[in-house]
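Letters A, B, ... are given to chains in the order of the sequence lines, protein chains preceding strands, and every chain is numbered from 1. The model shown is predicted, which means the values in this text are computed figures rather than measured ones.
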2 protein chains.
Amino acid sequence: MNLQRKFGLVIKELRLKKGLSQESLANQSDIDRTYISDIEKGERNISLKIIERLSETLQISLSELFKKIEEYE
Amino acid sequence: MNLQRKFGLVIKELRLKKGLSQESLANQSDIDRTYISDIEKGERNISLKIIERLSETLQISLSELFKKIEEYE
DNA sequence: ATGTGACTCAGAGTCCGTT
DNA sequence: GAACGGACTCTGAGTCACA
């Protein structure tokens, strides 16, 4: 499984843990709802700026976020 | 200091610690030499794929890489 | 509330050389 | 060996209608 798919899975997991819909995560992160959908499916090779915005909204540090991602291997 | 600048500083630090030139890091990571230069100066908003390739060449996990980045704040 | 296809366009990423 | 520049190509960012 590649990195961007793992990334999507972790984002989805964190979003659900906070009881957020894709739409509200999208609004809070100032990202389009359909773009969030693509990210969670692992279909986008996202950049540092997007990663940062998501981690802020989900209230997780970048190192903790990537630690979770690594646990998927 | 923004995230991409901190990212660049950490990459440079790790590269020097391994005794690599920008050119050899570029070659081993299959990234353009001039792009490495820009990244280290914090002038590029790089994607997940590039981040992954750099971490592989520099032999550091993504979570450890971002932990170092967070230490710059 | 989420998925998909199709789109635009700024910027990610490359290649050449010169300082 | 690294920074800088111009001139590229290609893909990520961002949006929309529709299912």
When the distance from [atom1] of [X] to [atom2] of [N] is rounded to whole Å, what number comes out?
X	N	atom1	atom2	result
B:Q4	C:dG11	CD	P	11 Å
A:D38	C:dT2	CG	C1'	11 Å
B:D32	D:dA2	CG	P	14 Å
A:I36	D:dT15	CD1	P	12 Å
B:L48	D:dT11	CG	P	16 Å
B:L16	D:dG1	CG	P	13 Å
B:Q22	C:dT14	CD	P	14 Å
B:D30	D:dC10	CG	C1'	15 Å

Report the nucleotide, chosen from [options], that has the shortest atom-to-atom distance to any side-chain atom of [X].
X	options	value
B:K49	D:dG12, D:dA2, D:dT15	D:dG12
A:R53	D:dA2, C:dT2, D:dG14	D:dG14
B:I31	C:dT14, D:dG14, C:dT2	C:dT14
B:I50	C:dC15, C:dG13, C:dT2	C:dG13
A:S21	C:dA1, C:dG3, D:dA3	C:dA1

Euclidean distance, B:E71 CD relative to B:K6 NZ, rounded to 0.5 Å: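 Rounded to the nearest 0.5 Å, the NZ-CD separation comes to 11.0 Å.
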Go nucleotide by nucleotide along DNA chain D from the 5' end; which of B:L20 and B:R44 gets its closest nucleotide reached first?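 Result of the comparison: B:L20.
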Close side-chain approach of A:L20 and A:L14, heavy atoms under 4.5 Å: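 Counting from C-beta outward, A:L20 and A:L14 never come under 4.5 Å.
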Do A:I11 and A:L65 come close enough that some side-chain heavy atom pair is under 4.5 Å?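 Sidechains of A:L65 and A:I11: in contact.
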Could you say whether B:N45 or B:R33 is positioned toward the 5' end of DNA chain C, judged by the nucleotide with the nearest heavy atom to each?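 Nearer the 5' end of the strand: B:N45.
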Taking only side-chain nitrogens and oxygens of A:S47, does any of them come within less than 4.0 Å of OP1 or OP2 of D:dG12?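 No, A:S47 has no side-chain N/O under 4.0 Å of OP1/OP2 on D:dG12.
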C:dT4, OP1 or OP2 - any side-chain N/O from A:K41 closer than 4.0 Å?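 Affirmative; the distance criterion is met.
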Going by modelled atom types, is there a donor-acceptor pair between the base of D:dC16 and the side chain of A:T34 at under 3.5 Å?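 In this structure, the two groups form a donor-acceptor pair.
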If you count the non-hydrogen atoms of other residues, nucleotides and ligands that lie under 6.0 Å from CZ in A:R5, is the total more than 12?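 It does not: A:R5 CZ has 12 such atoms or fewer within range.
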Parallel, tilted or perpendicular: which fits the ring planes of A:F7 and A:F66, with parallel below 30° and perpendicular above 60°?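 Plane angle between 30° and 60°, so tilted.
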